[in-house]
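These notes are about the structure you will find just below.
Count residues from 1 along the sequence.
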Amino acid sequence: MMVAHAGSPDDRFAAALAVARGGRAAERRRELATARDRYAESLELLGGLDETPLLANVLRWMGSVCRDLGDIDAADRSYRESLAVAQATNAWSGQASALNCQAAIAQRRGDLEGAAMLYREAGRLAVQAGEIRLSGMIEQNLGVLASIQGDLTEALTRYHASLGAFRQVDDEEAVSWVLNNMGMVLNDLRQHEEADRTFTAARNIARRLRNRAMEGILLTNQAEGLIAMERWHDAGLALAQAMDIAQGGEERGREAEALKFLGILERERGRYGRSVAHFADALDIARQVADGLLTGEILRERGDLRLREGDPDGAAADWRSALHELESAGASRDAEGVRARLASIRGGGR
């Protein structure tokens, strides 16, 4: 049933713009349910009006909120609608942004080849539109894709390009995003001291901008290197703060990430009972938000715990499940590590 709207088209457009701005403000505060409601209200006001770049933007913003709330199918629908409107209105920037978001969904679903193709097309349109910041975002996402596939050198190259773009437009918040991703790669390369410095620099930016959500992400990822350096106390403090931030927000995936590292921390300290509980809680949340990559990572770590507990059959069961999730997510480097673990079990090794 069509809903009647009072006021002229110009009045409705102005009202939709004001409501959408309220949604953006709520999203920056990570009040995601509020942002979703504001975007829905804005879309209602725009209903029946001529298609505009604003409509494409609100649809894309709605998609990103749905994605962060764990509703991937709704996010995908919104991104596709956004792309169609951007194409109809010849908005290159809007098309590039929508394609970038669609690529993130393809990546989440494990279609890394499709994601790479979408990112490249988004990058081409962003350059045409002269969108330096958007080009930086796409370079960063290509870096994430390379990292998932295990090409850490390519990932760092992409991150440096992204960092240059964000610094060119003086976007400190975006710089903190890239530093976070660079820190994760440095930890993968076992350059833990350098990773620690990188995360600390990013946290300084997040604190200066009063971005609690980003600080929580950084604390979680910084803990990985602290655990590797056996700085148990520092890692515990970082994860306690990260959990406090995650539980105060609406992104359950962040809570699952912190719980995963709490499980690793307790395992490395020999507190196996606590480790089991943290992994179980993390796994429940990761499955609820349909994050296959995170699910695979948790199962891999729990398998390592079970082997230490003297349960090779349990370890092998977790690793087989982890392998399925990681392969589905396209995480080739992580999947190879799990295959090596399974081979050691079959060969009688520990």
Side-chain angles (χ1 to χ4, degrees), residues 143-144 146-148 150-153 155-156 159-160 163 175-207 212-246 253-279 281-282 293-294 296-309 315 322 326 331 333-334 336-338 340-341 344 350:
V144 172
S147 181
I148 291 171
D151 191 343
L152 303 185
T153 301
L156 284 176
Y159 291 151
H160 280 294
L163 204 57
V175 166
S176 74
W177 303 340
V178 183
L179 291 174
N180 173 64
N181 288 328
M182 291 180 77
M184 293 170 69
V185 169
L186 290 167
N187 270 332
D188 286 342
L189 292 168
R190 305 192 191 286
Q191 298 176 25
H192 301 304
E193 294 285 356
E194 182 62 24
D196 193 46
R197 286 190 289 271
T198 301
F199 284 123
T200 297
R203 284 176 57 200
N204 288 337
I205 294 172
R207 278 197 298 269
R212 287 272 290 166
M214 189 63 209
E215 189 174 0
I217 293 167
L218 291 160
L219 285 162
T220 299
N221 292 327
Q222 189 169 16
E224 179 180 11
L226 295 172
I227 293 169
M229 292 185 284
E230 298 187 3
R231 290 168 55 182
W232 312 132
H233 179 71
D234 292 339
L237 286 177
L239 289 170
Q241 292 179 63
M243 278 295 294
D244 182 59
I245 294 169
R254 305 299 185 199
E255 186 179 349
E257 283 278 4
L259 284 165
K260 178 190 75 175
F261 283 114
L262 279 169
I264 294 170
L265 173 61
E266 298 297 1
R267 182 191 68 203
E268 296 307 304
R269 299 181 74 175
R271 301 173 177 178
Y272 293 166
R274 294 183 185 182
S275 180
V276 167
H278 288 316
F279 285 141
D281 290 341
L293 177 59
L294 179 56
E297 290 172 350
I298 297 163
L299 286 165
R300 176 193 63 203
E301 299 299 332
R302 193 175 70 176
D304 289 357
L305 170 64
R306 286 184 165 173
L307 187 62
R308 290 194 195 186
E309 290 182 308
L326 294 170
R333 181 170 176 268
D334 287 340
E336 186 58 36
V338 173
R341 286 167 165 84
S344 74
R350 286 297 178 94

Got [X] and [Y] here, is their nearest side-chain heavy-atom distance under 4.5 Å?
| X | Y | result |
| --- | --- | --- |
| L189 | L156 | yes |
| R254 | T220 | no |
| W232 | L226 | no |

Nearest-0.5 Å distance, [atom1] of residue [X] to [atom2] of residue [Y]:
| X | Y | atom1 | atom2 | answer |
| --- | --- | --- | --- | --- |
| N187 | L152 | CG | CG | 11.5 Å |
| L299 | K260 | CG | NZ | 11.5 Å |
| E224 | L239 | CD | CG | 10.5 Å |
| N180 | M214 | CG | CE | 4.0 Å |
| T198 | N221 | OG1 | CG | 12.0 Å |
| Y159 | M182 | OH | CE | 9.5 Å |

Please give me the minimum heavy-atom distance between [X] and [Y], naming the atom from each residue.
| X | Y | result |
| --- | --- | --- |
| A242 | G216 | CB-O, 3.6 Å |
| S275 | G263 | OG-O, 2.7 Å |
| A322 | G296 | CB-O, 3.4 Å |
| S147 | A155 | N-CB, 3.9 Å |
| A195 | L186 | CB-CB, 3.7 Å |
| L179 | A202 | CB-CB, 3.7 Å |

Inset, instruction - Check whether any side-chain N or O of R300 sits under 3.5 Å from a backbone N or O of G337 as a donor-acceptor pair, and report yes or no. - result: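 Absent.
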
Legend entry - Donor + acceptor pair across side chains of T200, Q222 (<3.5 Å):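 Yes, Q222 and T200 have a side-chain donor paired with an acceptor closer than 3.5 Å.
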
Legend entry - Test side chain to side chain contact (heavy atoms under 4.5 Å, CB included) applied to H278 and L265, step by step: CA-CA 10 Å; H278 288 316; L265 173 61; over 6 Å; no

Is any side-chain N of the basic residue among [X] and [Y] closer than 4.0 Å to the acidic one's carboxylate O?
| X | Y | answer |
| --- | --- | --- |
| E301 | R267 | yes |
| E266 | R269 | no |
| E194 | R197 | yes |
| E268 | R308 | yes |
| R203 | D196 | no |

Inset, instruction - List the steps, then state whether side chain to side chain contact (heavy atoms under 4.5 Å, CB included) holds for R341 with L307. - result: CA-CA 10 Å; R341 286 167 165 84; L307 187 62; over 6 Å; no

Inset, instruction - Apply the test side chain to side chain contact (heavy atoms under 4.5 Å, CB included) to residues L259 and M243: give CA-CA distance (whole Å), side-chain angles for both, the deciding distance (0.1 Å), then the verdict. - result: CA-CA 8 Å; L259 284 165; M243 278 295 294; 4.0 Å; yes

Inset, instruction - Just do the side chain to side chain contact (heavy atoms under 4.5 Å, CB included) check on L326 and L293 with the steps written out, would you? - result: CA-CA 6 Å; L326 294 170; L293 177 59; 3.8 Å; yes

